[in-house]
Number of protein chains: 2
Amino acid sequence: MQRQIPEVVVSRLPMYVRGLAELHQDDIDFINSKDLGHRFGMSPDQIRKDLSYFGKFGRQGRGYNVALLLSELRQILGLDRQWCMAIVGVGRLGRAIMDYKGFVPRGFKIVAAFDKERNVIGKRVSGVVIQDMAELETAVRDKKVDIAVVAVPSTEAQEVIDKLVRSGIKSILNYAPVYAYVPKDVRLEAIDPVLALQGMTYYLARSQDYR
Amino acid sequence: MQRQIPEVVVSRLPMYVRGLAELHQDDIDFINSKDLGHRFGMSPDQIRKDLSYFGKFGRQGRGYNVALLLSELRQILGLDRQWCMAIVGVGRLGRAIMDYKGFVPRGFKIVAAFDKERNVIGKRVSGVVIQDMAELETAVRDKKVDIAVVAVPSTEAQEVIDKLVRSGIKSILNYAPVYAYVPKDVRLEAIDPVLALQGMTYYLARSQDYR
DNA sequence: GTTTGTGAAATAGTTCACAGCA
DNA sequence: TGCTGTGAACTATTTCACAAAC
């Protein structure tokens, strides 16, 4: 057990939680680092090293108790409570995100939605009434929003993110395909499928008889 | 200029392309590594080092010609042509992906869609006729599909991915929230917003007065 | 015998710092 | 002078290898 945990290690924890939840579902009680590593395409050593940053969860000669490790990791990640999200931008993409059924079962609930378009303000989407952007700051406080999801056009993303930062938000998930600036104490994760695709074409273009 | 380029370097190239395209749009002709680094929240040294893996694109005392560097990077990434994609799974998520307007302008076109549900097969979604899963292998070949997008439920993802691999696909973008196995010669990128959120809660839970 | 947890060694990635060119 | 391109130095991350626990 050590202090100051590398970011890469933290970023792998959610994958472990997901995998362990599957094992738990399948009524598997114990798993060792070899099998766990195989499951995620990584070395057993790395699994053990990663876990060792947080404590000693295994039993020599036996492996890890799935239910126990799952519960420990969930607690470490703060997944033992529900997190409240606000979505900014309720266009095509924003609606798809609000409709996505994968958030609630994993502890993330959309409690507020904002847009600047007169014609959508006041309407209800996926059970949430869309509010005016002007109400963002107060609503974020009143509804105790922990995380903001940005789904506005690229041109407006930075402006919206600045507004979110001013309202005190410390975690932002950005779907707009632009790099955005945030202060060091705010976390920003980006979801951009095109960036992921463009990383793959490099290898595609190099392999077979392309071009 | 060197050989054997680190994956992290390749993964940053799409971001450079995106940023340079913005600069080009704004009629900026030259940019130096300092300003470019500032734009992406990284050091000028890293920008220069990254680019040096592919060639010498800059001019001492002046910086980089935006149009030139953009065109070079596009070519390196294989973005100077259009890539054909097939989508597997045309449920709620699959439709949202097919409706997304951000792919085509950036060179990615959905040319085929597959589902196993009788009631959607034959229907047209976003200009593409949905085909039976059984036709996947032949359609992938006939339509020269380069990249597959997986949007089926988690339980079916591995099976679908195996099928795609057998059909000869070398690049897969997986939206299903599971870790999937692919042979070493196949690239798989995952889009899982919940994983991104769970990485952020670790820090949220640690900062202020949460819990 | 099996498998963990962990320092030490090895490898990968980033930053430094400066020669050389415009 | 200003800024690139790049080895060398440094830092981060992964892998090794083994003592200790079961």
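Just so you know, these numbers use all the heavy atoms, side chains as well, and skip hydrogens, waters and symmetry mates. In what follows, chains are A, B, ... by sequence order, proteins preceding strands, each numbered from 1.
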K.L.:
When you check the gap from the basic side-chain N to the acidic O, do B/Glu159 and B/Lys163 get nearer than 4.0 Å?
P.N.:
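No salt bridge links B/Glu159 with B/Lys163.
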K.L.:
What heavy-atom pair brings A/Ala205 and B/Trp83 nearest, and what distance separates the two atoms?
P.N.:
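Between these two residues, the closest heavy atoms are N-CH2, 4.0 Å.
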K.L.:
Out of C/dG5, C/dC16, C/dG13, which has the shortest distance to the side chain of B/Asp45?
P.N.:
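That would be C/dC16.
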K.L.:
Atom CG of B/Leu51 and atom P of D/dT4: how far apart are they, to the nearest Å?
P.N.:
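Interatomic distance, CG of B/Leu51 to P of D/dT4: 10 Å.
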K.L.:
In whole Å, what is the span from the CD1 atom of B/Ile47 to the C1' atom of D/dT6?
P.N.:
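It is 16 Å, rounded to the nearest whole Å.
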K.L.:
Does the distance from a Lys or Arg side-chain N to an Asp or Glu carboxylate O, for A/Lys34 and A/Asp45, drop under 4.0 Å?
P.N.:
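Judged by the 4.0 Å cut-off on N to carboxylate O distance, A/Lys34 and A/Asp45 do not form a salt bridge.
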K.L.:
Listed in order of residue number, which residues of residues 22-40 of chain A have a non-hydrogen atom at under 4.0 Å from DNA chain C?
P.N.:
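Those residues are A/Asn32, A/Ser33.
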K.L.:
Starting at CE of A/Met42 and ending at P of D/dC16, how long is that distance when rounded to a whole Å?
P.N.:
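Taking atom P of D/dC16 as the reference, CE of A/Met42 is at 14 Å.
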K.L.:
State, yes or no, whether a side-chain contact exists between B/Lys143 and B/Gln131 at a heavy-atom distance under 4.5 Å.
P.N.:
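Yes, close enough: below the 4.5 Å cut-off.
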K.L.:
When you get a sec, tell me which of C/dT15, C/dC18, D/dT14 is the closest nucleotide to the side chain of A/Val8?
P.N.:
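From the listed options, D/dT14 comes nearest.
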K.L.:
When the distance from CD of A/Gln46 to C1' of D/dA12 is rounded to whole Å, what number comes out?
P.N.:
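Between C1' of D/dA12 and CD of A/Gln46: 12 Å.
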K.L.:
Quick one: is C/dT14 close enough that its OP1 or OP2 comes under 4.0 Å of any side-chain N or O from B/Ser43?
P.N.:
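Looking at the OP1 and OP2 atoms of C/dT14, neither is under 4.0 Å from any side-chain N or O of B/Ser43.
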K.L.:
In whole Å, what is the span from the OH atom of A/Tyr53 to the P atom of C/dT4?
P.N.:
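These atoms are roughly 17 Å apart.
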K.L.:
Could you state the atom-to-atom distance from CZ of B/Arg48 to C1' of C/dA19 in whole Å?
P.N.:
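It is 13 Å, rounded to the nearest whole Å.
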K.L.:
Is there a side-chain polar atom (N or O) of B/Lys49 under 4.0 Å from OP1 or OP2 of D/dT4?
P.N.:
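Answer is no, no contact under 4.0 Å.
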K.L.:
Salt bridge or not between A/Asp146 and A/Arg81? Use side-chain N to carboxylate O under 4.0 Å.
P.N.:
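Yes, this pair counts.
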K.L.:
Below 30° counts as parallel, above 60° as perpendicular, anything between as tilted: where do the rings of A/Tyr181 and B/His38 land?
P.N.:
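Geometry flag for B/His38 against A/Tyr181: tilted rings.
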K.L.:
Take the protein atom CD of A/Glu7 and the nucleotide atom P of C/dG13, then report the distance between them rounded to whole Å.
P.N.:
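In whole Å, C/dG13 P lies 17 Å from A/Glu7 CD.
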K.L.:
Do A/Thr201 side-chain atoms and A/Leu204 backbone N/O form a donor-acceptor pair below 3.5 Å?
P.N.:
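No; zero donor-acceptor contacts below 3.5 Å.
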K.L.:
For D/dT14 and A/Arg12 - does any side-chain N or O of the residue sit under 4.0 Å from the phosphate oxygens OP1/OP2?
P.N.:
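So the side chain of A/Arg12 is within the cut-off, an N or O lying under 4.0 Å from OP1 or OP2 of D/dT14.
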K.L.:
B/Ile5 CD1 to C/dG13 P: how many Å, rounded?
P.N.:
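Nearest whole value for this atom pair: 12 Å.
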K.L.:
Going by heavy atoms closer than 4.0 Å, what residues in residues 57-71 of chain B are next to DNA chain C?
P.N.:
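Within residues 57-71 of chain B, the residues near DNA chain C are B/Arg59, B/Gln60.
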K.L.:
Salt bridge check, B/Asp80 against B/Arg74: does any charged N sit closer than 4.0 Å to a carboxylate O?
P.N.:
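Salt bridge between B/Arg74 and B/Asp80, a charged N being under 4.0 Å from a carboxylate O: no.
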K.L.:
Could I get the full list of side chain to side chain contact (heavy atoms under 4.5 Å, CB included) partners for B/Phe30, not counting sequence neighbours?
P.N.:
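By the side chain to side chain contact (heavy atoms under 4.5 Å, CB included) rule, B/Phe30 matches B/Arg59, B/Arg62, B/Asn65.
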